[in-house]
Amino acid sequence: MPITSQRSGLGYFIEGIKLAFSPGIRRFVLFPLLANLLLVGGAMYYLFTHLDRWINQWIEVLPDFLSWLSYLLWPLLTLTILGTFSYFFSTLANFIAAPLNGLLAEKVEQKITGQAVTEQGIVDLIKDIPRILLRECRKMAYMIPKAIGLFLLLLIPALGQTVGPVLWFIFTAWMLSIQYCDYPFDNHKVDFNTMRNSLKQKQSQAYGFGIVVSMITAIPVLNLFIMPVAVCGATAMWVGEFKNQYRA
């Protein structure tokens, strides 16, 4: 399979779909998919049994003179809560499945380029798990303070319910791009800060990819399948946009 040429974030996501279902890759998709099905599926069931009550409580804090905004806020708040829940539990699923996602990214890159990424076997992968999970903790340390700040903004009457959802959506798109692009970067031992700076240099592709993943992550049923597809798409982006920068 030829090396991926440069394209848009949406283009890389679509390529991720093709790669996830391609021969030789499907078996590496199975276990990350199962982790996502269990965690995100359970979270979505809980969410939809409580969503209506949560939104009504949130809208009740609006001043009387802004009560007319309730009709506009319902879809905004619904998308925000869906996105928040989906992002949180997707992050948890990614943490648990990180070693398998890294392996999936490795096999996808090998399929695209025709070149092996590493010579590691399953024993080497097991030994590398503590380092991989530490990398996931590094991502969380970057994300959590920003997420807390945005959550506090959402609690501010009027301002939080109007500006907050937009800022949360942008933040989620960036974080999802970081989350999934980090797997192929980490396979090549590119450190976290260098990876972030590389994505900033390709913001069009990074945000475009993150926005698509964020939208799918907020859609029930479809979000159950997003993890392996996003790993495949992010790996295609690594090959098309970044790999040549880090050639030995």
Side-chain angles (χ1 to χ4, degrees), residues 1-33 35-36 90-91 93-120 124-125 128 131-132 135-136 139 173-192 194-214 216-217 225-248:
M1 190 171 183
I3 295 178
T4 306
S5 59
Q6 294 183 340
R7 61 192 66 189
S8 67
L10 174 60
Y12 285 119
F13 182 82
I14 292 172
E15 186 170 352
I17 296 174
K18 297 175 183 176
L19 286 164
F21 290 97
S22 63
I25 299 299
R26 288 189 293 260
R27 60 195 173 111
F28 295 102
V29 164
L30 181 60
F31 288 109
L33 178 61
N36 208 45
S90 292
T91 299
N94 274 294
F95 182 87
I96 294 171
L100 296 172
N101 284 339
L103 179 62
L104 173 59
E106 178 184 326
K107 297 303 180 183
V108 169
E109 182 176 343
Q110 183 174 340
K111 184 176 182 67
I112 294 173
T113 65
Q115 302 169 356
V117 177
T118 68
E119 300 299 329
Q120 287 186 337
D124 298 308
L125 175 63
D128 206 28
R131 187 198 62 80
I132 293 171
R135 177 86 168 208
E136 291 298 306
K139 280 187 271 188
W174 175 244
M175 284 308 307
L176 286 172
S177 183
I178 285 178
Q179 176 68 60
Y180 289 108
C181 288
D182 188 52
Y183 294 119
F185 274 89
D186 187 43
N187 282 343
H188 290 267
K189 303 300 185 289
V190 178
D191 69 80
F192 182 77
T194 302
M195 180 271 299
R196 285 197 301 111
N197 290 332
S198 293
L199 289 181
K200 286 179 181 178
Q201 294 170 13
K202 299 280 187 175
Q203 290 191 40
S204 175
Q205 286 88 349
Y207 273 105
F209 180 79
I211 285 170
V212 176
V213 175
S214 181
I216 302 298
T217 299
F225 304 93
I226 189 65
M227 182 194 293
V229 169
V231 172
C232 294
T235 305
M237 189 190 302
W238 154 263
V239 175
E241 304 290 336
F242 305 107
K243 183 178 175 67
N244 288 336
Q245 299 176 24
Y246 297 98
R247 287 187 182 276

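Residue numbers count from 1 along this sequence.
Of all the heavy atoms in Ala206 and Ser177, the pair that sits closest is O-OG, 3.2 Å. When all heavy atoms are compared, the tightest approach of Ala105 to Asn187 is CB-ND2, 3.6 Å. Scanning all heavy atoms of the two residues, the minimum distance from Gly210 to Leu176 falls at O-CD1, 4.4 Å.
Pairs of residues two or more places apart, or lying in two chains, that qualify as salt bridge (Lys or Arg N to Asp or Glu O under 4.0 Å) and include a residue from residues 173-183 are Arg135-Asp182, Lys139-Asp182.
To the nearest 0.5 Å, atom CZ of residue Phe242 and atom NE2 of residue His188 are 13.0 Å apart. We find the CD-CD distance between Glu109 and Gln115 to be 8.5 Å, quoted to the nearest 0.5 Å. Taken to the nearest 0.5 Å, the CZ atom of Phe209 stands 10.5 Å off from the CD atom of Glu15. For the atom pair NZ (Lys200) and CD1 (Ile178), the distance works out to 8.0 Å, reported to the nearest 0.5 Å. How far SG of Cys181 is from NZ of Lys202: 12.5 Å, rounded to the nearest 0.5 Å.
Remark: Ala20 pairs with Val29, Val229, Cys232 by the side chain to side chain contact (heavy atoms under 4.5 Å, CB included) rule, at least two apart or across chains. Legend: residues meeting ring pair (Phe, Tyr, Trp, His ring centres under 6.0 Å) with Phe192, ordered by chain and number and at least two apart, are Tyr142. By the side-chain hydrogen bond (donor to acceptor under 3.5 Å, both in side chains) test, Gln110 pairs with no residue at all, sequence neighbours left out. Residues passing the ring pair (Phe, Tyr, Trp, His ring centres under 6.0 Å) test with Phe28, sequence neighbours excluded: none. With sequence neighbours left out, the side-chain hydrogen bond (donor to acceptor under 3.5 Å, both in side chains) criterion links Arg131 to Asp128, Asp186. Residues satisfying the side-chain hydrogen bond (donor to acceptor under 3.5 Å, both in side chains) test with Ser22, not counting sequence neighbours, are none.
Side-chain contact between Val239 and Thr113: present, with at least one pair of heavy atoms (C-beta onward) separated by less than 4.5 Å. At least one side-chain heavy atom of Leu19 sits under 4.5 Å from a side-chain heavy atom of Ile112. Using a 4.5 Å heavy-atom cutoff, the side chains of Phe13 and Met237 are not in contact. Side-chain contact between Leu199 and Met195: present, with at least one pair of heavy atoms (C-beta onward) separated by less than 4.5 Å. Looking only at side-chain heavy atoms (C-beta outward), Glu136 and Gln179 come within less than 4.5 Å of each other. Looking only at side-chain heavy atoms (C-beta outward), Glu241 and Gln201 stay at 4.5 Å or farther from each other.
Taking the six-membered ring where the residue is Trp, Phe185 and Trp238 present perpendicular rings, their angle passing 60° and hence far from 30°.
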